[in-house]
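Every chain is numbered from 1 and lettered A, B, ... according to where its sequence line falls, protein lines coming before strand lines.
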Protein chains: 2
Amino acid sequence: MSQKQGLLTDVIDALCCLPGVGPKSAQRMALHLFQRDRGGAENLANMLQAAVSKLQYCKQCQTLSEYGLCELCSSPKRDSKTICVVESPADVWVINQANNYKGQFFVLNGRLSPLDGIGPEEIGLDALEQQLEDNGVTELILATNATVEGEVTAHFIAQIARQYKIKVSRLAQGMPVGGELEFLDSSTLEHAFTGRRIIE
Amino acid sequence: MSQKQGLLTDVIDALCCLPGVGPKSAQRMALHLFQRDRGGAENLANMLQAAVSKLQYCKQCQTLSEYGLCELCSSPKRDSKTICVVESPADVWVINQANNYKGQFFVLNGRLSPLDGIGPEEIGLDALEQQLEDNGVTELILATNATVEGEVTAHFIAQIARQYKIKVSRLAQGMPVGGELEFLDSSTLEHAFTGRRIIE
């Protein structure tokens with residue numbers, strides 16, 4: 001005897017595909033959209049539709065882009081001899097916002113995880129190896145996450161790169177800026193000690 | 001120097017119109033959709049578009065529905081002599097799920113809030129009054145929220161209904177099922193005492 005059927009329920013169900021959104025939040029979102037922000041709903045629908053039909057993986061760096069070759073890969077200002085390997089398009093944004101890295105990127109869209117069936121091909125390591133072979137890359141910066149899977153992935157890529165005599169580096173690990181020693185976990189502290197730098 | 005532009009960013013911005021979704025969650029949602037669940041994105045876009053073009057307010061009870069007269073209002077099984085007044089379509093669903101109320105509903109899509117410019121017309125009280133006048137309604141159940149605005153709205157509607165000699169009731173207030181006395185706030189406890197029922 002529930003009235004919960006029809007279009008509004010379809011929208012609520014569809015919203016549940018968003019990560020972190022359960023039936024209750026989806027209901028709140030749907031009612032908000034159709035009671036107070038129809039323009040927003042329409043805009044969201046249009047944007048999603050355009051993105052579904054146009055977004056693809058850049059054929060060079062594998063990031064999500066509406067162009068076959070993304071803006072960074074097609075920019076003549078970026079140094080194509082240096083490639084920074086990251087797990088997700090979000091990491092590209094963070095790195096571009098944070099510092100003045102001027103090289104290219106390679107987006108794995110995942111990490112090695114054999115138990116989940118994610119091997120080297122699934123994250124495009126064959127394409128990366130092809131680039132190392134063809135493009136005269138001189139440095140590979142491994143910027144995967146500092147998690148177990150991220151470390152394993154970085155280690156695996158480092159082994160591939162070694163065959164091509166390419167300089168391979170990994171992001172430094174240590175104390176985060178503003179971090180207090182008292183609250184640092186012991187692994188990070190160990191990294192901070194091992195990687196300590198001489199002050200000239 | 002950010003790569004954060006183009007279609008993906010448009011989607012992220014559009015997702016920010018959802019309540020409780022900020023730039024970071026929107027980014028996570030967009031990447032999830034386009035890396036792992038394109039079907040979900042397409043479905044969401046289609047549902048939103050259909051809902052934007054078809055969802056309207058039921059001309060009798062003001063709930064959101066794709067029909068001019070919603071399913072409850074057009075159902076011959078519902079008792080049209082009783083109207084339950086609620087603040088939101090979600091309340092209709094909750095009441096229909098919870099008990100065997102068989103009357104009609106009237107959805108205010110809001111509550112009286114003069115400071116925000118929400119007066120009797122904005123929540124459709126003129127339409128409700130018209131129904132009281134025309135339809136031979138015998139009971140009005142005021143099921144607005146137990147908040148200050150909800151109480152004020154209920155009081156206001158009760159005054160209107162009094163002119164038509166209609167029985168007006170308000171949902172009972174007291175201890176919630178499973179509630180412990182120790183953690184009850186004093187207002188609720190007061191309601192529970194005032195509204196105590198004789199055990200036969």
Side-chain angles (χ1 to χ4, degrees), chain A residues 1-8 10-21 25 27-55 63-67 70-72 88-90 92-93 96-97 100 102 105 109-110, chain B residues 1-8 10-21 25 27-35 37-55 63-67 70-72 77 88-90 92-93 96-97 100 102 105 109-110:
Chain A
M1 274 318 295
S2 160
Q3 193 211 14
K4 219 173 167 179
Q5 43 187 275
L7 258 183
L8 199 54
D10 293 343
V11 171
I12 293 173
D13 291 344
L15 281 166
C16 286
C17 78
L18 296 172
V21 176
S25 340
Q27 180 176 306
R28 197 164 58 93
M29 287 173 171
L31 286 175
H32 170 85
L33 286 179
F34 294 103
Q35 287 184 320
R36 315 210 188 296
D37 191 12
R38 249 164 217 257
E42 195 168 2
N43 180 43
L44 179 56
N46 293 339
M47 288 306 155
L48 283 172
Q49 213 139 47
V52 163
S53 65
K54 290 192 198 143
L55 269 193
T63 196
L64 282 168
S65 166
E66 63 257 52
Y67 311 109
C70 77
E71 290 177 58
L72 285 182
S88 138
V92 175
W93 303 333
N96 272 329
Q97 268 160 31
N100 51 4
K102 291 274 177 272
F105 286 92
N109 288 306
Chain B
M1 272 319 295
S2 159
Q3 194 209 11
K4 218 171 169 181
Q5 45 188 273
L7 257 183
L8 199 55
D10 292 343
V11 171
I12 293 173
D13 291 345
L15 281 166
C16 285
C17 80
L18 296 171
V21 175
S25 339
Q27 180 177 304
R28 195 163 60 92
M29 288 172 170
L31 287 175
H32 171 85
L33 286 180
F34 293 103
Q35 286 185 320
D37 191 11
R38 248 165 218 262
E42 196 168 1
N43 181 42
L44 178 56
N46 293 339
M47 288 307 155
L48 283 172
Q49 213 139 49
V52 163
S53 66
K54 291 193 197 137
L55 269 193
T63 195
L64 281 168
S65 166
E66 64 257 52
Y67 311 110
C70 77
E71 291 176 57
L72 286 182
K77 290 188 190 151
S88 139
V92 175
W93 303 332
N96 271 330
Q97 269 160 31
N100 52 4
K102 290 274 177 273
F105 286 93
N109 288 306

Separation between CG of A/L18 and CZ of B/R28, rounded to the nearest 0.5 Å = 10.0 Å

remark   = So, the part of B/L15 with a heavy atom under 4.5 Å from chain A: the answer is both

task = Could you tell me which portion of A/L33 (side chain, backbone, both or neither) has an atom closer than 4.5 angstrom to a non-hydrogen atom of chain B?
result = side chain

ask   = Looking at A/P19, A/A14, A/C17, which has the largest count of heavy-atom pairs under 4.5 Å with chain B?
value = A/P19

query = What pair of heavy atoms forms the shortest contact from B/G6 to A/E66, and how long is it?
reply = CA-OE2, 3.5 Å

key: Atom pair CG/CG of B/D10 and A/L48 - distance to nearest 0.5 Å   = 11.0 Å

Contacting moiety of B/N109, where chain A heavy atoms sit under 4.5 Å = both

A/L8 CG to B/T63 OG1 distance, which is reported to the nearest 0.5 Å = 7.5 Å

message = Is the shortest side-chain heavy-atom distance between A/L64 and B/L31 below 4.5 Å?
response = yes

query = Nearest heavy-atom pair of B/K54 and A/L7: which atoms, and what distance?
reply = CB-CD1, 3.6 Å

inquiry  = Show the nearest heavy-atom pair for residues A/A51 and B/R38, with the distance to one decimal.
reply    = O-NH1, 4.1 Å

remark   = Output for pair (A/M47 CE, B/I12 CD1), nearest 0.5 Å, gives 12.5 Å

